[in-house]
Chemist: 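Please see the structure below; I have some questions.
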Amino acid sequence: MKSLFRNLFITAVFIGAGQLTAFSQSGGDAIFKANCSACHTIGKGKLVGPDLSNVENRRPKQWIVSFIKSSQTVVKSGDKYADSLFKAFNQMPMPDHPNLTNAQIDELLAYITKQSSSAGTATAITELPPGNAETGRLLFLGDVRFANRGAACNSCHNVDIKGSLSGGALGKDLTHAITRLSASGVAAIVSGLPFPQMKETYTAHPVKPQEIADIVAFLTTVDKQAPANPTNTVGAYLLFGGAAGLTILAILYSLFWIKRKKGPVNIRIFNRQLKSA
Amino acid sequence: MSWITDIISPKTRQWEEFYRNRFQHDRVVRSTHGVNCTGGCSWQIHVKEGIVVFETQQLDYPLIDNNLPPYEPRGCQRGISYSWYLYSPLRIKYPLIRGTLLDAFREEKNKTNGDPVAAWENLQNNKEKRTRYQQSRGKGGFRRSSWDEVLEIIAASNIYTARKYGPDRVIGFSPIPAMSMLSHAAGHRFLQLFGGVNLSFYDWYCDLPPAFPELWGEQTDVCESADWYNAKMIADMGTNLNMTRTPDCHFFAESRHNGTKAVVFSPDFSQLCKYADQWVPLNAGSDGAFWMAVTHIILKEYHHEKQTPYFIDYVKRYTDSPMLVRLDKAGDTYTAGRMVRANELPKWKEIENGDWKFLSIDEKTGEYVVPKGTMGYRWDKNGGKWNMKYECGETDLNYDPVLTLLDKKDEVLQVEFTEFGMGKKALRGVPVKWVETSEGKIPATTVYDLIMAQYGVDRNLGGQYPKDYTDPDAAYTPAWQEIFTGIDSKTVLQFAHEWAETANLTEGKCMILVGAGVNHWYHQNLTYRAGAMALMVCGCVGKNGGGLNHYVGQEKLAPVDSWGSIAFAKDWVPVSRLQQAPLWHYINTCQYRYDGHYSDYNTVPQNKWTEKHVADTIFTAVRNGWMPFYPQFNANPLELSKQAVASGAKNDEEIKAYVLEKLKSKKLQYAVSDPEEEINYPRVWYIWRGNALLASMKGHEYALKHYLGTHHNAIAVDADEKPEEVKWHDVAPVGKLDLVVDLNFRMDSSALYSDIVLPAASWYEKADLNTTDMHSFIHPLGQAIAPVWESKTDWDIFKHIAKATSEMAKKYFAEVQKDVVTMPLSHDSPDEITQPVIKDWYKGECEVIPGKTMHKLAVVERDYTQIYEKFITLGEGVREKGLGAHGNHYDCKQEYDEMCTSHHFHHRKYQDKILPSIQEDEWAANAVLHLSTLTNGKLTERAYKFMEQKTGLVLADLSEGSKDVKIRYADLLAQPHRYNTTPVWSGIINNGRAYAAYTYNVERLVPWRTLTGRQHFYLDQELYIAYGEHLPTFKPAPSPEVYGDLRETWKQGKAKALNYVTPHGKWHIHSTYMENLRMLTLSRGIEPCWLSEKDAKELGIKDNDWVEVHNDHGVYVTRAVVSSRIPYGVCIVYHVPERTVGIPKSQLRGNRRGGGHNSVTRIHLKPNFLNGGYGQFSYHFNYWGPVAPQRDTHVIVKKMEKLVW
Amino acid sequence: MDVRSQIAMVFHLDKCIGCHTCSIACKNIWTDRKGAEYMWWNNVETKPGTGYPSKWEDQEIYKGGWGKRNGKIHLKGAGKRRGLVNIFYNPNLPVIDDYYEPFTYKYLDLIESPQGDDQPTARPVSLITGKPIDIKMGPNWDDDLGGTPDYARNDPNMKNITPEEQEVMFQLEKMAMFYLPRICNHCLNPACVASCPSGAIYKRGEDGIVLINQQVCRAWRMCVTACPYKKSYFNWHTGKSEKCILCYPRLEAGLAPACMHSCVGRIRYLGVLLYDADRIEEAASADDKDLIKSQMDIILDPFDEDVIKAAKENGIADSTLHAAQASPIYKFVKQWGLALPLHPEFRTLPMLFYIPPLLPVMASVKKVDNTTEADKKAPLAKKWNNDWIYDTSTEELWGKLEQIRFPLKYIASLFSAGDEDVIKEVWKKLMAVRIHRRRVTVGDITNEKADNTLSEAGINAEMADAIYALTSLPKFEERFVIPAAHREQAIEMMDFTGDTKGATGFGFKSKVKRGV
């Protein structure tokens, strides 16, 4: 009989196996935690972004909905309030939330209103343990692995420190992150993961509170030591080098792709046809 | 290491619930699609979270026989796409009305202090306002309204029209009841209670095959698709089974693997040709020539030379071939004339109905006999002789009929036969017997001998017979047919031999499948007859696996016996106004203006009937009671009775006499004699369940112009020759209709052009019944969800219209009215033996006798305040008069009383009586089922007993198996049920037999409902002789030059004309409509124009180019599909496109929106179908009358250089 | 011997009416949603034609399936090495226009247009961009030989046919067409599985259904290239690839897949085949001409005691064995040898088999000058400008094999890697069945002739009757023999089945997370 069970669940593959991720959200509480708490508090003061307590009293609901869905669209539309908000918070753009439905935003706002009138809710991490800047440096550069095997920070971020290779350029340069975002703001981002790429990277590999504290400590040190306007030499060099590399790669790849499919197979038929005036 | 690796981890497969969740559903309900697809398929409608999510086919058909493939699954690509409509952006969710009309009405209503009838009247009298809203038709501007408001406008227009012009100006059109019979009945019932008019549809769609009434006295009766499997040789012409009989096509495929040979006749390599063992690509419209040659070969070899016993016995017993026909002297020669009547012989001069009894000769005695079963015996007072036994009706003695006079002839006479393909006449020897009649000696021959001569079978009688099969100049040899079909003689010969051999070995298992591809041609009846002859001479009709099986349109409303009474409100009103649609539209859309004399555009002998304008023949037909026409007179029929009373009439008879006198003195005019006079316009038009303005509206652009008064793209000019009797107006009227109301669930072309669009429930949202001739089950439409948004079922909508009208009548039309109603002479009643010869009372040729020499007259009482109550209550007329159909009758008092008392039926108190209520659609469904012989076994038996009396035969044994059957609506929801064998239909289906038409006639000797009671080789009616269609013959398709589609277009520069054919499409018409996104995606996003590679090249057109398909009547803008399967000289636009979807503006016609497929068609009627009062040539709604063909149309296809939306 | 069970299918093309009901049945249930609009897990093609996506059969363009080098097989376009090189840019992918840009219409304009001076019409708009679109391609664009010069004449199967032969394939006397319905072949040697860098694709043990795990897929789209039948589609909205799932949720409930359930031509059959998994590589590596045979060889006899024993050892349930023994597929494919794999030369060992269509007999055309004939016609008669006389007569009732329309090479190119003899054998059998049945039901064929035909085709009367019965008379349960899914045991591996009974279905619906 045992083999019968086995047969039911044999899965024949040719290479490799996949992995699982699960993600779902609903309920104001959960929506807040998943999307907002990294940068906002309700009644505990500003973090990366403003304190949201009683936000519905400050702005019309439609405005809030638009802002949540795409803050930059509102800013760019010339909305003065949005613009001043953007400037007041270090021009740190709030990520878009296009997938939140109106119903979910309703739930979210109801939650915020409810929390505003109660004792208030803090971010996920309010009090950081004391951090060790050196440990933070090692973690940041990937010399020491995160406990949950998350990617090292410099895979995507750069900091201007001597004796280190340039970090990645996918994320923002973090040399002056503490000035811009405050320590608690940085901590909130790492724990709350408001940005899609970070969410993708760290959801399954969360960074532990102690590790966050260490990184914050490290960044605080960097922030103090580095000049206010970092030189861009390394970046520029990399850019140049990258461009050259890309060209070489492109030539190499084009050799592989010399027989590649060029456009739709029926392009000649399509091109002869009359287009709408 | 093995090539594959196993991983065993249940977790990695947990994600599989992703797809499982989608499939889970909450409820499955049985329903079907009510769209004239003829499929009649049973569907599982899946509901999930209160939403219809998808449909799949039901599989639970009972297996009818172990030797037949099962019916499951039934349902095609179009049907399975239907659920898209429920929540599509096309869905009509609320009552809509065009803003221009609404504003004008509201304004008038304010001015009249809220009197809606006065407001409507003022609006109609204000020419400027009326024109303004008419011109806005079809051009946007719809507004959401409320049910209350639109019902008020509708009721006001009803009341105003009945008061001012008469109720016969209120018209309704809804096609094909069988597809959703109660939805159809709803509007009919309302209109007949109101005194309105219902337009026919089967003939209008050109789906009615006139050959069926001609040959068999039957509207259409064909085998169910399972019987195809029984055929051993199948000839398919003009029905593309893959396209149109999609759920049934497997029987065809499966029979091939059981040894059946399949030959497909089709000018294009149609989808069905893929199955063919042989594909015969004859020239479009020339099938008749092929069949004439086939029958020529069979008659020569298997009748004359071999005298195959099976064939000879069959034609002798079951056809008119032993009947005597007189030969009329014409100059030096003779021509075939009328059949000899029994009362022409002195000894039978005085017998009852002697004009309608015919003569044969007894083989043994050589004496004349009067065969039983002819129409005279059908209507004799003491029945019992209406059967096909070999017995003389006057002596009751047995006889054996003489088929041919070859060895019994007195003389051989040279008789003239016309071959219309080449316009040649030939004199051929025919064996003759001189018959002593009261008026002297006349030469007579048998129908069989006449047919032999007509087909050119030389039996050494002298004259111009063909030399042999290779003679190309004589009808109807294999070499002759090559000229018309382009098919080699060898192919015809092989076909004819295999056909006859198979028929002989299997006793009749040769079958013709035929449909629109032939029936939509101008000479469809002749082509059908040509094919039917090949069947009849081989004994293949009335046999399982045989027959002429015509499938176009879902005409078979199986429980017609009980349904008819409810639908036409016969339970309350004894008479109805039922209009033959083709002639009605021909006259009212002014299309007759473009026709000259009949012989100008058709191959006919020259005589007084053919030198006429068809409009004049229509007028003749109406006044003589052959055809109906409403509005009746240039006077309000309600006012006429008042005038009669004012001038002293005391009762209905005196009212009728008053009207008759006015007609005789011509003080009262027929509306048809002056259709363009304002008083004769139709006024209010209800459209439901159909796309009346485009899909079926041949001459669509003329409807836009003359009915609606909005823009159109026609450029045709009036013909030079005008009608003589029908009054000519130099300027044709524009915008005849006051109000067009469309009930719809989608914004189709008709809805777009209507004034008011009422949101109708779709097929998954109501209770209804559905039957078809494709199978022998009755299907329900089941309510999977309630009608969405503000929509209502058709039953409910007309109920509301009836209620609103009755309520308003209390205030504005309270007095009881007397309505004078005219009706034509009717088939299946003694009316059919009233006019043995044509005499026109209007010209003083005979006395005026309503119901004999003229139409019938009746006076009907109408209480407009009671329409609603009557609508929802089943009247006692059912109890008093009984029910029946097709000349059948049965009493149902007991069943009616049961409905009044049983707890399981609903009741309503009407004027102190408790009567059955049919307030809800489901209750009406149960009434239909309870009162029909098909679903209530007790009634079946009773109906057979009635037939026993009528025929003198034993028949009631046929009902034995179904005595206990009692089917209710809920039973149908649970599983498909097969209906009973019943005398209403001619197929015997007991014990799992597949339905095949006329098996009842052949096996039980019950006559066909024709003149002779037999199948007809010969049609001796005067008009048939005049038009040259008394004998089976071939007439070529008319040329574009004479047909008049391109006169103006050619003047603008002669260009290549292509024959424009509009066959049934793969992606619509059957089971769904063209704008369905699924179907548009699977096709080309448009209904294109298919061109051959050669034509496309000549016209400089490449695949997917935009083209304008145009002629004098209008323009259709579409894209081209260039294909090798299309024949040279033909272009195909599959019907039916909608002009609502993806149609750009025409660059040829002033940057106006291009039309639809019917923008380039115009109606041409065949006047021989207008006759009446003569046997099977007697009017019956959707049975008899001219049809509206469109296949002979020609167009010019031009590449479009600029694309403007 | 490693015995496995596989759900396999037979499509009887002679019965296929090209109605596409199957396509819609599938679409309604599975691909009627954003990102999936253009997917037709089931589609039907007209042959000759270029199909969907256009010219999918041409692996010079698309590089699908397996190639063979030095006796070893390798993925043509997306193997380990190539896959890595091309991982960020897959050079052989079909673009959206090779499928079609999905469209709808601005239907609401009909109801909502303000009063104007001309009739409104609903313009076509793209379902991807929402903008007006000029429709130039669809999922069934060349249906019924539509656009012959552009499509049918460019059918990739024309490669081995001479230009002269090609030309007559579109002429009156020899032209024909037939339909080819296609779903995922659920191959024994699936190129898609082998190509997936994420390991998201697998073949289920109990029934061989090939699935793409919607949680693991990372949108590399290697499967799109690798599948030579182009039956793996990229969902632009979810960023995952999807493909036919053989309606496993329906199969598990004992229902036939939607496309099969709805097959109104009754052409489809489904059942279990047992095969030897140890010999897949060997079978897929055979020479072109031996491919069909090698595939047939690894299909095992479900009545063989050794096979049954090995199957049981492998955990194959008694109910599955029972289904395998009643399998109509086993009969058509193995016992009768009537059904063939589509393009066996792709070497994926497809488990969907086709019975080739019978076609009308070819005809001959005589050129004639019809002007004198036309002049004979009555003055009002329409005259046709045709200059031919067409003859389709034959010596025998149905004509001979040599008289069938279409070069055999064409059919062979589809179903037998070019081996015409294989096609001939099938045709002989199909015609022998018809001749035998004609003898039984009509009797105008002599016993001698019928018996000779049967023996030439290598079958006997009993077998012919069995073939006829399963072709013409089968009931639903004879066409679809679905093995029990034993879901209860599958659930038990993770949960107590009794708990699932009360808890299944609870939870929230959430949209698929975009993968990139």
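Below, chain A is the first sequence line, B the second, and so on; all start at residue 1. Scope of the values below: all heavy atoms of this structure, side chains included, with no hydrogens, waters or symmetry mates.
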Chemist: Of the backbone (N, CA, C, O) and the side chain (C-beta and beyond), which part of C:Ala363 lies under 4.5 Å from a heavy atom of chain B, both, or neither?
Modeler: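 For C:Ala363, no heavy atom lies under 4.5 Å from chain B.
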Chemist: Is it true that C:Asp14 and B:Lys274 have a side-chain N and a carboxylate O under 4.0 angstrom from each other?
Modeler: no
Chemist: Under a 4.5 Å cutoff for heavy-atom pairs, which residue among C:Thr471, C:Asn140, C:Leu380, C:Leu430 has the most contacts with chain B?
Modeler: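 That would be C:Leu380.
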Chemist: Do B:Tyr19 and C:Glu242 have side-chain N/O donor and acceptor atoms under 3.5 Å apart?
Modeler: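 C:Glu242 and B:Tyr19 do have a side-chain donor-acceptor pair below 3.5 Å.
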Chemist: Apply the salt bridge (Lys or Arg N to Asp or Glu O under 4.0 Å) test between C:Asp118 and each candidate in B:Lys1145, B:Arg1139, B:Arg1153; give the one that qualifies.
Modeler: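 For C:Asp118, the salt bridge (Lys or Arg N to Asp or Glu O under 4.0 Å) check succeeds only for B:Lys1145.
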Chemist: Working to the nearest 0.5 angstrom, can you tell me the gap between C:Glu37 CD and B:Leu1077 CG?
Modeler: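 Separation between the atoms: 9.5 Å.
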Chemist: I'd like to check C:Trp141 versus B:Leu1082 (side-chain heavy atoms, cut-off strictly below 4.5 Å). Are they in contact?
Modeler: no
Chemist: For a quick check under 3.5 Å, do C:Tyr179 and B:Gln271 share a side-chain donor-acceptor pair by atom type?
Modeler: no
Chemist: Do C:Tyr105 and B:Trp1205 make the cut of ring centroids closer than 6.0 angstrom?
Modeler: no
Chemist: Salt-bridge test for B:Asp473 and C:Lys376: reply yes if a basic N is under 4.0 Å from a carboxylate O, no otherwise.
Modeler: yes
Chemist: With chain B as the partner, which of C:Phe103, C:Phe178, C:Tyr100, C:Phe170 has the greatest number of non-hydrogen pairs under 4.5 Å?
Modeler: C:Phe103
Chemist: Tell me, out of B:Glu498, B:Met747, B:Glu1093, B:His711, who's got the most heavy-atom pairs with chain C below 4.5 Å.
Modeler: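 Most heavy-atom pairs within the cutoff with chain C belong to B:Glu1093.
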Chemist: For salt bridge (charged side-chain N to carboxylate O under 4.0 Å, His left out), just list the numbers for B:Asp1192 and C:Lys382, CA-CA rounded to whole Å, side-chain angles, deciding distance to a tenth of an Å, and then say yes or no.
Modeler: CA-CA 9 Å; B:Asp1192 305 76; C:Lys382 167 145 174 96; over 6 Å; no
Chemist: To the nearest 0.5 Å, how far apart are OH in C:Tyr468 and CD in B:Glu254?
Modeler: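 Reported to 0.5 Å precision, the distance equals 9.5 Å.
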Chemist: Determine whether B:Phe142 and C:Glu112 make a side-chain contact, defined as any pair of heavy atoms from C-beta on separated by less than 4.5 Å.
Modeler: no
Chemist: Is there side-chain contact between B:Pro281 and C:Leu172, with heavy atoms separated by less than 4.5 Å?
Modeler: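 Yes, at least one pair of side-chain atoms sits under 4.5 Å.
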Chemist: Take C:His436 and B:His257, measure what ring pair (Phe, Tyr, Trp, His ring centres under 6.0 Å) needs, and give me the verdict at the end.
Modeler: CA-CA 10 Å; C:His436 167 67; B:His257 290 268; over 10 Å; no
Chemist: Please look at B:Arg74 and chain C and tell me whether the side chain, the backbone, both or neither of the residue comes under 4.5 angstrom of a heavy atom of that chain.
Modeler: backbone
Chemist: If I measure from the heavy atoms of chain B, does C:Asp144 come under 4.5 Å with its side chain, its backbone, both, or neither?
Modeler: both
Chemist: Please find the pair of heavy atoms, one from B:Tyr1128 and one from C:Trp384, that lie closest to each other, and give the distance.
Modeler: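 For B:Tyr1128 versus C:Trp384, the nearest heavy atoms are O-CZ3, 4.3 Å.
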Chemist: Counting only heavy atoms closer than 4.5 Å, note whether B:Glu1041 contacts chain C via side chain, backbone, both or neither.
Modeler: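 When you check distances to chain C, no heavy atom of B:Glu1041 falls under 4.5 Å.
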Chemist: Should C:Lys475 and B:Glu72 count as an ion pair when the cut-off is N to O under 4.0 Å?
Modeler: no
Chemist: Should B:Lys232 and C:Arg438 be marked as a side chain to side chain contact (heavy atoms under 4.5 Å, CB included) after you check the CA-CA gap, both sets of side-chain angles, and the distance that decides it?
Modeler: CA-CA 8 Å; B:Lys232 298 319 298 182; C:Arg438 179 97 189 164; 4.2 Å; yes
Chemist: What is the ring orientation for C:Trp30 with B:Phe23, classed by angle as parallel under 30°, tilted 30 to 60°, or perpendicular over 60°?
Modeler: tilted
Chemist: May I ask you to name which of B:Ser136, B:Ala751, B:Gly423 has the most heavy-atom pairs under 4.5 Å with chain C?
Modeler: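 Ranked by contacts with chain C, first place is B:Ser136.
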Chemist: Name the region of B:Leu96, side chain, backbone, both or neither, that has any atom closer than 4.5 Å to a heavy atom of chain C.
Modeler: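 Looking at B:Leu96, just its side chain touches chain C.
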Chemist: Measuring only between side-chain heavy atoms, which start at C-beta, is C:Leu211 closer than 4.5 Å to B:Trp15?
Modeler: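 A side-chain contact exists here, since the closest heavy-atom pair is under 4.5 Å.
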Chemist: Does the salt bridge (charged side-chain N to carboxylate O under 4.0 Å, His left out) test come out yes or no for B:Asp6 and C:Arg4, once each step is laid out?
Modeler: CA-CA 12 Å; B:Asp6 294 338; C:Arg4 308 257 170 152; 3.0 Å; yes
Chemist: With rounding to the nearest 0.5 Å, note down the distance linking OG in B:Ser1123 to CE in C:Met177.
Modeler: 7.5 Å
Chemist: Measure across C:Leu473 and B:Leu68 and return the closest heavy-atom pair with its distance rounded to 0.1 Å.
Modeler: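 Distance-wise, the nearest heavy atoms are CD2-C, 3.6 Å.
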Chemist: Check each atom of C:Asp134 against the heavy atoms of chain B and say whether the ones under 4.5 Å are side chain, backbone, both or neither.
Modeler: both
Chemist: Please identify which of these residues, C:Thr394, C:Thr392, C:Ile389, meets the side-chain contact (heavy atoms from CB on, under 4.5 Å) condition with B:Thr491.
Modeler: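 So, applying the side-chain contact (heavy atoms from CB on, under 4.5 Å) to B:Thr491 and each of C:Thr394, C:Thr392, C:Ile389, only C:Thr392 qualifies.
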